[in-house]
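To find a chain, count down the sequence lines: A is the first, B the second, and so on, and within it residues start at 1.
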There are 6 protein chains.
Amino acid sequence: MDSRFPPNHEHLDHDMVKMEVNFDDIPGEWLGHVMDLLLESGANDVYYTPIYMKKNRPGTMLQLLCSQENVDRMKEIVFRETTTLGIRYYPLTVHRLERTFEQVPTEWGQVTVKKGIYGGKAVQWAPEFEDCKRIALQHGIPLKKVYEQVWKSTGE
Amino acid sequence: MDSRFPPNHEHLDHDMVKMEVNFDDIPGEWLGHVMDLLLESGANDVYYTPIYMKKNRPGTMLQLLCSQENVDRMKEIVFRETTTLGIRYYPLTVHRLERTFEQVPTEWGQVTVKKGIYGGKAVQWAPEFEDCKRIALQHGIPLKKVYEQVWKSTGE
Amino acid sequence: MDSRFPPNHEHLDHDMVKMEVNFDDIPGEWLGHVMDLLLESGANDVYYTPIYMKKNRPGTMLQLLCSQENVDRMKEIVFRETTTLGIRYYPLTVHRLERTFEQVPTEWGQVTVKKGIYGGKAVQWAPEFEDCKRIALQHGIPLKKVYEQVWKSTGE
Amino acid sequence: MDSRFPPNHEHLDHDMVKMEVNFDDIPGEWLGHVMDLLLESGANDVYYTPIYMKKNRPGTMLQLLCSQENVDRMKEIVFRETTTLGIRYYPLTVHRLERTFEQVPTEWGQVTVKKGIYGGKAVQWAPEFEDCKRIALQHGIPLKKVYEQVWKSTGE
Amino acid sequence: MDSRFPPNHEHLDHDMVKMEVNFDDIPGEWLGHVMDLLLESGANDVYYTPIYMKKNRPGTMLQLLCSQENVDRMKEIVFRETTTLGIRYYPLTVHRLERTFEQVPTEWGQVTVKKGIYGGKAVQWAPEFEDCKRIALQHGIPLKKVYEQVWKSTGE
Amino acid sequence: MDSRFPPNHEHLDHDMVKMEVNFDDIPGEWLGHVMDLLLESGANDVYYTPIYMKKNRPGTMLQLLCSQENVDRMKEIVFRETTTLGIRYYPLTVHRLERTFEQVPTEWGQVTVKKGIYGGKAVQWAPEFEDCKRIALQHGIPLKKVYEQVWKSTGE
């Protein structure tokens, strides 16, 4: 099972881990590259937070979420690609909704809409960003126009 | 003319000013209060930015936008209500769109939608937040449900 | 027992939880509303952190603290009111000080001062913000003036 | 002359403009897309800053730098692709260094190094990020290894 | 006249400049050092802001305030000590209050209090941080205890 | 054993703790002082994150890492030196690399380079900041020049 694609029903995942590293000795352009590598290698999410470190240093905290089974792979990338000498981490639980997908028509073609089901009821739905962006670029129209058409065609 | 309510056609306003103050010696709860006072007294916008100041101090930059005629009123509030000994400011230009308003029906009542007209063409429209919030609270429904109904009823 | 009002003696609370959600698909004005709802429904604290997400997206992380018994109520609000398909959380311990309150006179009326007792000794005291703000607005005086009078009348 | 490629000698450019917009009503994923569009259409730089707006709203400030001649093109993208009803801007001066380029050998091929000349003296040099990244991906090696080889081969 | 020590009466200074540089290619520990150098060399203020730059890069914006006459000195430090190839800047006005100083007794010795005079009336007063910190360290007491004693002895 | 100086071989440390406090009622200049005190008293790391708190308050989150055995010492400093009535904390694991040190010659004297060993292989090396800064200040040269010389003399 690829842990990036959790089962598609509502469930609690007790095997997730958050990893964190603080940086004050690496340029931002390297960190942009590191984010890509981590996402391609199985991180469920990667994000940066600005932090204030000692000696007036503007720093950056890397945070990433992954499954227990991916901890070693993530560590290897972080140690090889960044400047850190230590990685901290702790377990956490994730409550994930059931996800369903449907196709919604627009004048420029279909867009996938992702729905989130909570206790058997749809509580979320969102047009897939990459679908909307592709249409916007192909047709030279604003991204928000695409979203607006999908909004008009969806919902309960 | 009250400068907070600029003329309702598309125009360039060359009489705007941005004021800025850096704080490292004031608690955040006072700044929340100051924001309210400035907005009630004629500021067009007020916002805070996190900044890193000398001696490892997490600081906050106040920025506010107002018309030339309101500069003195803003200064008085800032000097009286905060801890600063200096305020910096510089002029800027604002390009504002024409704004029109229309009423859109939902099952819980009407919502005002604000449109932005750029070169004679509508490029923006947005449900008024306070209308949607009022309905959400009165009917005990999620705010996003109200927006979704307005989205379905609006647009071109 | 309402978990927002923990016992008023110094203690360790081992039944607290931190919940987190990352957002890149929700407007900030909705999040302001969500903060209010969560605080009214039993969250002990709610705050947002700016984060840098993939694809150049400025995002926002919601963090909230609540007791174990409120986890389900918090989840329901987050899933119903926001756009997320997942919530992560983990347990933590809170060391809380004993709290005592006293009334301090000012020329505009009394202000409550909250004290924090650590190992039997007062280490914190702070004027109640809402008391000071009410006086400031009623009498048309700067908030800091009210604090200054309380400071003069308090302490050891 | 394409203003994104200023003359390659040290000079003061007095025809630059900074534009700013505050957002509290747009999702972050749209803003990632807007950044790309602006950079492709002639912005010299585009960046986002987290800001705290009224009503507890986590917001985002867009800032972009462009030449006077590109102001209208930038405005059109911002008004068409975002949710704003107003754009503010003001002129500024940019002091740019002379730039020279040289090829530096590594065991994986050549890397371009960009030098900055200030008053006739080289004060900056930096390996081109895209060159280093391409090598890192092609050869499956850490990005920092590529930089390290370039550093060893360069300098005065 | 040393521009870092402006005249001590309330005045408008129309000869100030704000300089800005965006960084995505410099480690935070260098920037801590640069802040010190700029402050020692005549900058009136220096601060960093977290920014989101292209290609998922967490970046840092340097902002500094200085007088017109110090612009060249600041530029030289920035070009020599950082990695940038360009510095942008624009003029601004600063409204500064009259400052007066008085000595306030505490049980551990005197502390200087700085007052700000606006239109002939005292609107600000603040204990000097370095005085309070020195006492706190010498006597092994919390910094806030020192401030509290000064607050009790000061004010109108 | 002083927990700030963990054993110098690669290992997992399961006895670390992260402590967190949110502040909206303390000035930034006090927090700069608190960071110094915590680092001097055994914290392994201390950093601040900007957060958005209720009632439009720009706040600051303190985070610190320490070993289990230092939790009480850290609590005492936080309760005595800040304004908080509660501290939250949770355990975490740290994976630390083996560290080795070597001396690298430059024209201005030797600089210590710290290496990080991961699975028996050197993956990190970095000039010691304080060594480089001392040389830069003594010789009146840019800090980056010192780093550049070390980079040229090091690596595999």
Side-chain angles (χ1 to χ4, degrees), chain D residues 6 8 10-18 28 31-32 34-40 43-51 60-66 89-101 114-119 121-130 132-133 144 147, chain E residues 14-31 33-34 37-38 43 47-93:
Chain D
N8 205 2
E10 188 178 352
H11 67 285
L12 295 185
D13 182 340
H14 296 294
D15 291 322
M16 295 295 290
V17 170
K18 196 205 279 184
L31 290 176
V34 169
M35 181 185 274
D36 289 342
L37 293 179
L38 292 167
L39 287 168
E40 288 160 12
N44 293 58
D45 204 356
V46 181
Y47 54 99
Y48 293 115
T49 307
I51 56 174
T60 301
M61 176 165 44
L62 162 71
Q63 292 182 76
L64 76 83
L65 300 167
C66 69
Y89 51 101
Y90 46 97
L92 44 73
T93 298
V94 178
H95 183 148
R96 291 199 193 90
L97 298 190
E98 179 186 346
R99 289 142 206 243
T100 64
F101 298 85
K114 183 160 55 175
K115 294 199 168 184
I117 317 293
Y118 172 58
K121 265 187 64 176
V123 288
Q124 321 285 19
W125 62 269
E128 288 284 68
F129 172 78
E130 291 296 341
C132 295
K133 179 181 162 186
K144 69 184 177 190
Y147 273 79
Chain E
H14 296 293
D15 291 323
M16 294 295 290
V17 170
K18 195 205 279 186
M19 305 179 72
E20 297 180 357
V21 183
N22 291 4
F23 292 107
D24 63 6
D25 61 353
I26 193 172
E29 61 188 3
W30 294 14
L31 290 176
H33 177 64
V34 169
L37 292 179
L38 291 168
Y47 54 100
Y48 293 115
T49 307
I51 56 173
Y52 304 66
M53 298 176 72
K54 65 179 177 186
K55 302 182 189 179
N56 283 318
R57 295 173 181 170
T60 302
M61 176 165 44
L62 162 72
Q63 293 182 76
L64 76 82
L65 301 167
C66 69
S67 61
Q68 289 281 5
E69 76 199 36
N70 273 338
V71 163
D72 286 344
R73 201 185 312 172
M74 295 296 109
K75 281 182 181 177
E76 189 177 341
I77 294 172
V78 172
F79 280 132
R80 284 167 49 95
E81 295 282 344
T82 77
T83 53
T84 196
L85 295 167
I87 301 173
R88 58 186 190 266
Y89 51 101
Y90 45 97
L92 44 73
T93 299

Flag the pair D/His95 / E/Met19 as yes when at least one side-chain heavy-atom distance between them is below 4.5 Å, and no otherwise. no
Could you look at D/Glu10 and say if it's the side chain, the backbone, both or neither that has a heavy atom under 4.5 Å from chain E? neither
Pick from D/Met35, D/Glu98, D/Lys114, D/Gln63 with the largest number of heavy-atom pairs that fall under 4.5 Å of chain E: D/Met35
Inter-residue atom distance D/Asp45.CG - E/Asp24.CG, 0.5 Å rounding: 8.5 Å
First locate atom CG of D/Leu92, then atom OH of E/Tyr89, and finally report the distance between them rounded to the nearest 0.5 Å. 10.0 Å
Select one option (side chain, backbone, both, neither) describing which atoms of E/Asn22 are under 4.5 Å from chain D's heavy atoms. side chain
Go through E/Thr49, E/Asp25, E/Thr84 and name the one with the most non-hydrogen pairs under 4.5 angstrom from chain D. E/Thr84
Ring-plane angle category for E/Tyr52 and D/Tyr48, please: parallel below 30°, perpendicular beyond 60°, tilted otherwise. perpendicular
Measure E/Met61 against the heavy atoms of chain D and call it side chain, backbone, both or neither at under 4.5 Å. side chain
Could you report the tightest heavy-atom contact between D/Pro50 and E/Pro50, atom names first, then the distance? CD-O, 3.5 Å
If you take all heavy atoms of E/Leu85 and D/Arg99, which pair is closest and at what distance? O-NH2, 3.7 Å
With a 4.5 angstrom heavy-atom cut-off, could you sort out which part of D/Ile117 is near chain E: side chain, backbone, both or neither? neither
Selection residues 74-92 of chain E - residue pairs positive for salt bridge (charged side-chain N to carboxylate O under 4.0 Å, His left out), sequence neighbours left out: E/Glu20-E/Arg88
Heavy atoms only: give me the nearest E/Asp72-D/Tyr118 pair and the separation to one decimal. O-OH, 4.4 Å
Using non-hydrogen atoms and a 4.5 Å limit, figure out which bit of D/Lys121 sits close to chain E: side chain, backbone, both or neither. neither
Determine the minimum heavy-atom distance between E/Lys54 and D/Leu39, stating which atoms define it. CB-CD1, 3.8 Å
